[in-house]
Participant: 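I am attaching a structure below and will ask some questions about it afterwards.
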Amino acid sequence: MKAASDTVTVHRRKRVDIWDVLIPFSLIVASLVCLLPFLHVISKSFSTDAYVIANKVYLWPKGFTLGAYEKIFADASILRSLYVSIVVTVSFTILGMIITVFAAYPLSRTRLWGRTLFTFIFMLPLFFQGGIIPDYLLVNNLGMLDTIWSLILPLSFSAYNLLIMKSAISSGIPTSLEESARIDGAGHFRILFSIVLPLSKPILATIALFYAVGRWNAYQDALFYIKQNVDLRPLQLKLYYLIIQSTESFQLEGSQVSLSNPEVLKASCIVFATMPILCVYPFIQKYFVQGTMLGAVKE
Amino acid sequence: MKIENASSKNRTVQKHMRADRDGLKYSIRRDWQLYLLLLLPLAFVLVFKYAPMSGLLLAFKDYKIARGFWGSEWVGFEVFNEIFNKPDFIRALRNTLLLNTLDLLFSFTMPIVLALLLNEIKNVFFKRINQTLLYLPHFLSWIIIGALAYQLLSEGNGLVNNVIEQLGFNRVPFLQEDSNWLISYLAIGVWQSMGWGTIIYLAAISGINPELYEAATVDGAGRGRKMWNITLPSIRVTIVTLLILNLGKVMEGSFERVYALQNKVTTEFTTTIPVLVYRWGIENGDFSRATALGLFQGAIAVVLVLAADRIAKKLGEDGLL
C-alpha cells in the first residue's frame with residue numbers, strides 16, 4: 001500500500017493529502033452514529049432479559065429470543081393502535097391527494113380568472129395560522145374530539161404540498177400538449193385526468209409519501225384530540241404513553257405481570273413501530289429527495 | 001364540451017371587448033370546470049385554516065365556557081398584560097428563544113459542513129451509502145427518537161453510559177440533569193436533521209460550473225481553497241434563504257420534539273411556548289390565556305420572517321418574499 005502511493009507521488013507529482021483520509025473517515029463516523037442506535041435497539045429486542053439487565057448487550061443479541069415480540073403480538077391494544085394508524089394514514093393520504101390535485105391543477109392554469117387571489121388564499125397559511133387552541137376549539141365545535149375524523153380532516157390541506165404540486169405541473173407539462181388536446185375538444189377534466197395526472201406520476205408519488213409519512217409519524221394532534229377514546233390512539237401516541245411516559249403497562253396475556261424486563265419490551269416496541277418505515281425507506285428515499293428539492297426551488 | 005367549443009369560437013372577439021367587469025362571468029362560463037375543482041380545496045382551507053383564525057379573538061375576551069364565545073366579555077389587551085407578568089411565561093419565552101437559537105447555531109451549520117464533505121467524495125457507491133444512512137433519522141417520529149434517546153442515554157442502563165463505564169469513567173446523567181438535558185436535546189436535533197439538510201446544499205453545489213474548479217486547479221488552488229473560494233460563495237444564496245426561513249422558526253420550535261424528550265426530573269428548559277399553550281389551554285381549559293400566548297408567538301414569528309427578509313435584501317441578497 002505504501003509503495004503504491006509512493007509510485008503515484010513520483011509519477012503524478014501529487015502529494016497524498018491527509019484530507020483524503022479524514023473526510024471519508026468523518027463521514028463514516030457520522031453515518032455510524034445514525035445507524036448504531038438501531039442496531040443496538042434491535043439487538044436488545046432479541047435478547048434475553050438477564051443480559052439486558054446486566055447491561056451486557058451492545059450491538060449483537062445475547063441469548064436470542066423472540067419472547068418480547070410474542071408479547072407485543074399478544075397485546076390487543078398495540079395491534080389496535082397499529083390498525084388505527086393504518087386506517088388513518090391511508091384515508092388521510094387519499095383525501096390529501098384529492099385536495100392537492102384539485103387545487104394544484106386550476107392554480108397552474110395561467111388563464112384562470114382570480115388566480116392571484118386564490119393562490120394568496122391557499123398560501124397564506126404557510127406564514128400564519130390560528131394556532132393550537134383555535135384549531136382545538138374548531139375540532140371541538142365540529143364535534144370531532146375523540147373521533148377518527150379529527151386525525152384525518154384538519155391537516156389534509158397542506159399548503160407546502162400544494163406549492164410543490166403546482167410548480168411541478170406548471171413546469172413539467174408542456175403547454176403545447178395541452179393546447180393540442182384543447183383544440184381536439186378536450187375539457188379541463190379530460191386534460192387533467194388523461195394528460196396531466198398520467199404525466200405527473202413521480203410527483204404524485206412524492207406528495208403521497210409526504211402525506212403518508214407525515215401522518216404516520218405525527219402524534220401532536222392525536223395527543224390533543226384523542227383523550228377519552230383510548231381505542232382510537234394511533235401507534236405513535238400509544239408508544240408515547242407506553243414507552244416515554246410509562247404510565248401504561250403492557251397488557252400481557254395470562255396476567256403474568258412484570259415477569260419480563262420492560263426494557264426489552266420497550267426495545268421491541270421501538271423496532272415494531274419503526275419497521276414499517278425502515279422497510280419502505282430505501283424505496284421512498286429517492287422521491288423524498290426530489291420533492292424536497294422542488295419545494296426548495298420555489299421557496 | 002359544448003360550452004368549451006362555443007367559448008373558444010368567441011374568444012378572439014371577446015378578448016378585445018371584455019371589460020374587467022364581465023371578465024368573471026366570461027371566465028366562469030369558459031373555465032367552470034376549474035372552479036368546480038377548486039370548491040373542495042377551498043372548503044377545506046376555509047374551514048380548517050381560516051375559520052380557526054376567528055378563534056384568535058378569544059385572546060381579547062375573558063372566555064368563560066358557561067357563557068360561550070359571544071356571551072364572554074371583551075377585555076382588550078388585559079389578557080396579554082396578565083400573561084406577560086406570569087413567571088411561567090417569562091420562563092417559556094426564555095426557553096423558546098434559548099433552545100431555538102442554540103438549535104439554529106448547531107442544526108443549521110452541520111448540514112453545510114456535511115454537504116461540503118460529501119461533495120469531496122468521488123466514489124458514487126460510498127457516497128450513496130453514507131447519504132442513505134444520514135437521511136434515515138429524518139424519517140422517524142419524535143416518539144421513536146425520544147424512545148431511542150432513553151435507550152441509549154439513560155443513566156442506569158443506556159448503551160452510551162455502559163460504554164463509558166467500561167472505559168473506566170463515571171456514568172453521565174445525559175437526560176436526567178438540566179444542563180445535560182439541554183446539550184442532549186441539541187445533539188439529538190443535529191442527529192435528526194444533519195443528513196436531510198444536506199440535500200438542498202448538494203443540489204446547489206451540483207449546479208456550480210465545473211470550469212470554475214478547473215480554472216482554480218490550473219491556478220494551483222488546493223482543496224481547501226476551492227471549498228472556501230468557489231463552493232461556499234456559490235451556495236451563499238441558498239444558505240441565506242434557508243437562514244431566513246429558519247429565523248422565522250426561532251419563536252416556534254417543535255412541540256413534538258420537546259414533548260417527546262422531556263421527563264419529570266428535568267423541567268428547567270422543557271417548558272417552551274407551545275408546551276405552555278398546551279398546558280394552559282388543553283390541560284387546564286384556560287382558553288383565553290393560551291390563545292393570547294399562541295397569538296403572541298405567531299405575531300412575533302411573522303415579524304421575525306419579515307425582518308430577516310429585509311436584512312437579507314439590505315445585504316444585497318435576493319431575499320425571500
Side-chain angles (χ1 to χ4, degrees), chain A residues 17 19 23-24 26-27 30-31 33-35 37 40-41 55 99 102-103 105-106 109 112-113 118 121-122 125 127-138 154 156-157 185 187-189 213 217 219-220 224 236 239-240 243-244 263 266-267 270 273-274 277 281 285 289 292-293 296 299, chain B residues 1 4-5 23-24 27 31 33-34 37-38 40-41 44-45 48-49 51-53 55-56 114 117-118 120-121 130 132-137 139-141 143-144 146-148 151-152 157 159 162 191 195 199-200 203 223 241 245 255-256 260 274 277-278 281-282 287 290-291 294-295 298 302:
Chain A
D17 199 346
W19 291 104
I23 290 176
S26 46
L27 280 173
S31 298
V33 168
C34 291
L35 178 68
H40 170 65
V41 173
N55 289 340
I99 291 176
F102 279 17
Y105 177 71
R109 303 298 94 183
L112 179 77
W113 196 90
F118 286 124
I121 292 176
F122 283 119
F127 297 96
F128 191 78
Q129 297 202 16
I132 294 175
I133 300 301
D135 284 351
Y136 175 82
L137 291 173
L138 177 80
S156 54
F157 168 78
H188 284 299
F189 289 161
V213 175
N217 281 341
Y219 75 96
Q220 180 177 337
F224 296 169
Q236 305 295 335
L239 290 179
Y240 173 75
I243 305 181
I244 299 204
E263 283 303 311
K266 282 182 182 176
I270 296 174
T274 319
I277 295 273
Y281 170 67
Q285 182 202 343
V289 173
T292 305
M293 292 201 303
E299 275 163 1
Chain B
M1 208 64 93
E4 188 72 17
N5 280 335
L24 177 61
S27 294
D31 290 332
Q33 292 175 317
L34 293 182
L37 285 174
L38 276 176
L40 181 76
F44 267 85
V45 82
F48 291 108
K49 302 289 171 192
M53 287 184 194
L56 288 172
L114 264 185
L117 293 183
L118 278 169
E120 294 298 322
I121 302 295
N130 273 304
T132 303
L133 291 177
L134 288 167
Y135 295 164
L136 182 60
F139 289 82
L140 304 175
S141 74
I143 293 292
I144 297 289
L148 276 176
Q151 291 278 326
L152 266 82
N157 44 26
L159 173 73
N162 293 346
W191 180 79
I199 292 175
I200 290 169
R223 194 200 296 264
T241 312
L245 279 174
F255 170 90
E256 296 199 341
V277 169
Y278 169 66
I282 297 177
F287 291 121
T291 309
L295 180 58
V302 169

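Order of the sequence lines sets the chain letters (A, B, ...), proteins ahead of strands, with each chain counted from 1. Heavy-atom basis, side chains included; hydrogens, waters and symmetry copies ignored.
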Participant: Flag the one option from Pro106(A), Ser156(A), Gly130(A) with the top tally of heavy-atom pairs under 4.5 Å to chain B.
Facilitator: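 Of the candidates given, the most pairs with chain B belong to Pro106(A).
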
Participant: Taking the side chain as every heavy atom from C-beta outward, state whether Ser27(B) and Leu112(A) have any pair of such atoms under 4.5 Å apart.
Facilitator: no

Participant: What's the spacing between Leu37(B) CG and Phe189(A) CZ if we round to 0.5 Å?
Facilitator: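 If we round to the nearest 0.5 Å, Leu37(B):CG and Phe189(A):CZ are 5.0 Å apart.
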
Participant: Within a strict 4.5 Å, meaning less than it, do heavy atoms of the Val45(B) and Ile99(A) side chains meet?
Facilitator: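 Counting from C-beta outward, Val45(B) and Ile99(A) never come under 4.5 Å.
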
Participant: Taking side chain as everything from C-beta outward and backbone as N, CA, C, O, which of these in Tyr219(A) sits under 4.5 Å from a heavy atom of chain B? Side chain, backbone, both or neither.
Facilitator: both

Participant: What are the two closest heavy atoms between Pro52(B) and Pro134(A), and how far apart are they?
Facilitator: O-CB, 3.1 Å

Participant: Go through the atoms of Val289(A) and report whether side chain, backbone, both or neither lie under 4.5 Å from a heavy atom of chain B.
Facilitator: both

Participant: Can you tell which part of Glu120(B) gets under 4.5 Å to a heavy atom of chain A, answering side chain, backbone, both or neither?
Facilitator: side chain

Participant: Do you know which of Leu35(A), Ile23(A), Asn217(A) has the most heavy-atom pairs under 4.5 Å to chain B?
Facilitator: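 Ranked by heavy-atom pairs under 4.5 Å with chain B, first place is Asn217(A).
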
Participant: By a 4.5 Å heavy-atom criterion (distance strictly below it), what part of Tyr136(A) contacts chain B: side chain, backbone, both, or neither?
Facilitator: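 Looking at Tyr136(A), just its side chain touches chain B.
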
Participant: Can you tell me how far OH of Tyr240(A) sits from CD of Glu256(B), rounded to the nearest 0.5 angstrom?
Facilitator: 11.0 Å

Participant: About how many Å separate OH of Tyr135(B) and OG1 of Thr292(A), when rounded to the nearest 0.5 Å?
Facilitator: 9.0 Å

Participant: Determine the option with the most heavy-atom pairs under 4.5 angstrom with chain B, choosing from Gly131(A), Ala273(A), Ala30(A).
Facilitator: Ala30(A)

Participant: As a quick check of understanding, evaluate side chain to side chain contact (heavy atoms under 4.5 Å, CB included) for Leu27(A) and Leu114(B), giving each step before the final call.
Facilitator: CA-CA 8 Å; Leu27(A) 280 173; Leu114(B) 264 185; 3.6 Å; yes

Participant: Phe118(A): what forms a ring pair (Phe, Tyr, Trp, His ring centres under 6.0 Å) with it, not counting sequence neighbours?
Facilitator: none

Participant: Checking heavy atoms, do the side chain of Leu239(A), its backbone, both or neither come under 4.5 Å from chain B?
Facilitator: both

Participant: With a 4.5 angstrom heavy-atom cut-off, which part of Leu138(A) approaches chain B: side chain, backbone, both or neither?
Facilitator: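 It is the side chain, since no backbone atom gets that close.
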
Participant: Kindly say whether Val33(A) contributes a backbone atom to a donor-acceptor pair with the side chain of Trp191(B) at under 3.5 angstrom?
Facilitator: yes

Participant: May I ask you to check whether Phe48(B) and Phe157(A) place their ring centres under 6.0 Å from each other?
Facilitator: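 For Phe157(A) and Phe48(B), the ring centres are not under 6.0 Å apart.
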
Participant: If you look at every heavy atom in His40(A) and Gln151(B), which pair is closest and at what distance?
Facilitator: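 Minimum heavy-atom contact is NE2-O, 4.2 Å.
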
Participant: Applying side chain to side chain donor-acceptor pair (under 3.5 Å), can you list everything that pairs with Ser31(A), at least two apart in sequence or on another chain?
Facilitator: Asn130(B)

Participant: If you apply the rule side chain to side chain contact (heavy atoms under 4.5 Å, CB included), what do you find for Leu38(B) with Phe122(A), and how did you get there?
Facilitator: CA-CA 11 Å; Leu38(B) 276 176; Phe122(A) 283 119; 3.7 Å; yes

Participant: Does Asn157(B) form a side chain to side chain donor-acceptor pair (under 3.5 Å) with Asn55(A)? I'd like the steps, not just the answer.
Facilitator: CA-CA 6 Å; Asn157(B) 44 26; Asn55(A) 289 340; 5.2 Å; no

Participant: Please classify the contact between Leu137(A) and chain B as side chain, backbone, both or neither, with a heavy-atom cut-off of under 4.5 Å.
Facilitator: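 Interface part for Leu137(A): side chain.
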
Participant: At a heavy-atom separation under 4.5 Å, does Leu136(B) approach chain A through its side chain, its backbone, both, or neither?
Facilitator: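 It is both, since atoms from each part get that close.
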
Participant: Using non-hydrogen atoms and a 4.5 Å limit, figure out which bit of Leu152(B) sits close to chain A: side chain, backbone, both or neither.
Facilitator: side chain

Participant: Looking at Ala51(B), Ala147(B), Gly55(B), which makes the most heavy-atom pairs under 4.5 Å with chain A?
Facilitator: Ala147(B)

Participant: Counting heavy-atom pairs closer than 4.5 Å to chain A, which one of Leu134(B), Leu133(B), Ile282(B) comes out on top?
Facilitator: Ile282(B)

Participant: If every non-hydrogen atom of Met53(B) is compared with every non-hydrogen atom of Phe128(A), which pair is closest and at what distance?
Facilitator: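 For Met53(B) and Phe128(A), the tightest heavy-atom pair comes out as CE-O, 3.4 Å.
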
Participant: Give the intermediate values and the outcome of side chain to side chain contact (heavy atoms under 4.5 Å, CB included) for residues Ile144(B) and Gln236(A).
Facilitator: CA-CA 8 Å; Ile144(B) 297 289; Gln236(A) 305 295 335; 4.0 Å; yes

Participant: Indicate yes or no: at least one non-hydrogen side-chain atom of Tyr278(B) is less than 4.5 angstrom from one of Gln220(A).
Facilitator: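 No, side chains not in contact.
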
Participant: Could you state the interatomic distance from CD1 (Ile243(A)) to CD1 (Ile143(B)), rounded to the nearest 0.5 Å?
Facilitator: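 Ile243(A) CD1 to Ile143(B) CD1: 8.5 Å, rounded to 0.5 Å.
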
Participant: Counting heavy-atom pairs closer than 4.5 Å to chain A, which one of Leu40(B), Val277(B), Leu140(B), Leu295(B) comes out on top?
Facilitator: Leu140(B)

Participant: Measure from the ring center of Phe224(A) to the ring center of Phe255(B) and say whether it is less than 6.0 Å.
Facilitator: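 So the answer is yes for these two rings.
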
Participant: Can you find a heavy atom in the side chain of Leu56(B) that is under 4.5 Å from one in the side chain of Ile133(A)?
Facilitator: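 A side-chain contact under 4.5 Å is absent here.
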
Participant: Is there side-chain contact between Asp31(B) and His188(A), with heavy atoms separated by less than 4.5 Å?
Facilitator: yes

